[in-house]
Amino acid sequence: MVTILVTGGRGHVARAVVGGLLAAGERVRVASRSPERAMVPSGVETVRADLADPATLSAALEGVRKVFLYADARGLDGFVAAAEAAGSPDVVLLSALGADGGDHTRDPIVRMHHTAEDTLRRSALAWTFLRPGAFATNTLQWAPAIRATGTVEAPYPLAHAASVHEADIADVAVLALTEDGHRGRVHPLTGPASVTQQEQVDCLSAATGRKIVLAEIGPEEYRATLHQWGDEEMVDTLLGHLSDADNRPATVHSTYQDLMGRPGRTYAQWALDHADDFR
Ligand SMILES: NC(=O)c1ccc[n+]([C@@H]2O[C@H](COP(=O)([O-])OP(=O)(O)OC[C@H]3O[C@@H](n4cnc5c(N)ncnc54)[C@H](OP(=O)(O)O)[C@@H]3O)[C@@H](O)[C@H]2O)c1
């Protein structure tokens, strides 16, 4: 049996990938910057590894044939060198929608994933790119306010997203890591429907059994909340995405249905799965 390395072990997607691989009977090694805080089932091997610190990667990659990989803002050159030296395992990269298109320099999120994809394309490694759109977990940013006051303050209540459940991303990652035929393929991933922010809040109300209010505020007032995600460029980008999505349904990709033979999980399902985070 081959060993599959899952990087970023404490991440939402990584944890779901680990769960899926174990359920499929695979041998998993979980790499994290803080493995002692990784919530892995007992008996699963963990290793300390940091994509930004290539010296930590050789041991993590020893004997590994496949890798679930996060992009890193500081680039993936160190990872690629370590992976090539370790026998060139196949890589399934957690990338992002838009990583191939348009002007890569304007949006820091797209830029990071474009660079990660480009680095892998130029490497000796076989790769599969998972390109999810907006994560349903983005709405966890509302959780502290909802728990404290039952109110979310945000602009553009009718801004759309085809939010994707981390378990759907993980299902496709597990498929790509365990089944032949995914080398060189790109899998765009969204949830099964476009939903507005108001509809998301309504789903959270239904899931928690508590009336949650979306109180509209102006975009400028929202900036303070967005600073948790990064610098001024990142805040401008996120506000721009919200404004672009106002009253505009998001594109829905059929990849999950095509690959898994069933529809992806809805935002309403995600809200049920995460209801305790909002209580
Ligand atoms: N959000 C979106 O809408 C979206 C859309 C497309 C692509 N993406 C990409 O998806 C990736 C994020 O995936 P994700 O949601 O699985 O990541 P996440 O849960 O935000 O975690 C990201 C990383 O932070 C570390 N981490 C996790 N929990 C932590 C904690 N409690 N304290 C400190 N560090 C913690 C983990 O690495 P260690 O275990 O090594 O510390 C983890 O891999 C990014 O590359 C992002 O650009 C996001």
Side-chain angles (χ1 to χ4, degrees), residues 5-20 28-40 44 46-54 56-57 60 67-76 79 91-101 104 107-117 119-120 129-144 159-174 186-191 194-195 197 200 226 228-230 234 237-238 240-242 245 250-251 253 255 267 270 273-274 277:
L5 180 71
V6 177
T7 66
R10 289 181 301 155
H12 285 97
V13 178
R15 275 185 281 147
V17 171
V18 169
V28 181
R29 182 181 298 157
V30 179
S32 170
R33 288 166 294 180
S34 305
E36 67 291 348
R37 285 190 276 165
M39 291 176 281
V40 295
V44 174
T46 59
V47 59
R48 198 191 88 74
D50 186 342
L51 293 173
D53 180 5
T56 63
L57 297 175
V67 181
F68 177 73
L69 182 66
Y70 278 74
D72 190 277
R74 288 144 295 193
L76 290 177
F79 168 82
V91 171
V92 174
L93 175 74
L94 180 56
S95 184
L97 269 187
D100 61 340
H104 313 301
D107 177 330
I109 306 165
V110 168
R111 196 163 63 220
M112 173 176 87
H113 293 101
H114 175 75
T115 303
E117 290 191 1
T119 304
L120 287 172
F129 298 151
L130 307 185
R131 287 202 193 132
F135 288 8
T137 49
N138 292 348
T139 59
L140 284 171
Q141 69 181 308
W142 297 336
H160 278 256
S163 301
V164 60
H165 196 307
E166 64 276 14
D168 282 7
I169 303 171
D171 285 345
V172 175
V174 169
V186 175
H187 295 315
L189 289 166
T190 64
S194 179
V195 285
Q197 296 204 97
Q200 290 180 316
L226 290 176
Q228 65 182 295
W229 299 107
M234 181 66 87
T237 300
L238 294 173
H241 286 323
L242 267 181
T251 301
H253 290 271
T255 316
Y267 184 83
W270 183 90
D273 294 343
H274 288 268
D277 293 323

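Here the structure is a predicted model, which means the values were calculated and not measured. Both counts, for ligands and for their atoms, begin at 1 and track the order of listing.
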At a 4.0 Å threshold, what atoms of ligand 1 neighbour a non-hydrogen atom of [X]?
{"X": "Ala134", "answer": "3 (O)"}
{"X": "Ala96", "answer": "6 (C), 7 (C)"}
{"X": "Met112", "answer": "45 (O), 47 (O)"}

Does any N/O atom on [X] come nearer than 3.5 Å to any N/O atom on ligand 1?
{"X": "Tyr70", "result": "yes"}
{"X": "Ser34", "result": "no"}
{"X": "Gly8", "result": "yes"}

Does the plane of the ring in His165 sit parallel, tilted or perpendicular to the ring in Trp270? Use 30° and 60° as the thresholds. perpendicular
Side chain, backbone, both or neither: [X] near ligand 1, heavy atoms under 4.0 Å:
{"X": "Val13", "answer": "both"}
{"X": "Ala31", "answer": "neither"}
{"X": "Glu166", "answer": "neither"}
{"X": "Arg37", "answer": "neither"}
{"X": "Leu94", "answer": "side chain"}

Check each of Arg15, Arg33, Arg10 against atom 37 (O) of ligand 1 and report the one with the nearest heavy atom.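 It is Arg33 whose heavy atom sits nearest to atom 37 (O) of ligand 1.
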With a 4.0 Å cut-off on heavy atoms, does [X] reach ligand 1?
{"X": "Ala38", "result": "no"}
{"X": "Ala49", "result": "no"}
{"X": "Arg131", "result": "no"}

Any protein heavy atom under 4.0 Å from atom 20 (O) of ligand 1?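 Neighbour list for atom 20 (O) of ligand 1 is empty of protein heavy atoms (cut-off 4.0 Å).
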Quick one: does Thr255's side chain have a donor or acceptor within less than 3.5 Å of a partner on Pro188's backbone?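 Judged by distance alone, yes, a pair lies under 3.5 Å.
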Between Ser163 (side chain only) and Ala136 (backbone N and O only), is there a donor and an acceptor less than 3.5 Å apart? no
Interatomic spacing from NE2 in His274 to OG1 in Thr139 - rounded to 0.5 Å: 8.5 Å
If I take atom CZ from residue Phe79 and atom OG1 from residue Thr7, how far apart are they, to the nearest 0.5 angstrom? 7.0 Å
Test applied, side-chain contact (heavy atoms from CB on, under 4.5 Å); reference residue, Phe68; option that passes from Val91, Val30, Val13, Val28: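 Of the listed residues Val91, Val30, Val13, Val28, the side-chain contact (heavy atoms from CB on, under 4.5 Å) partner of Phe68 is Val13.
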Would you please say whether a donor-acceptor pair under 3.5 Å links the side chains of Trp229 and Gln141? yes
Assess whether side chain to side chain contact (heavy atoms under 4.5 Å, CB included) is satisfied between Glu117 and Val186, documenting all intermediate values. CA-CA 10 Å; Glu117 290 191 1; Val186 175; 5.6 Å; no
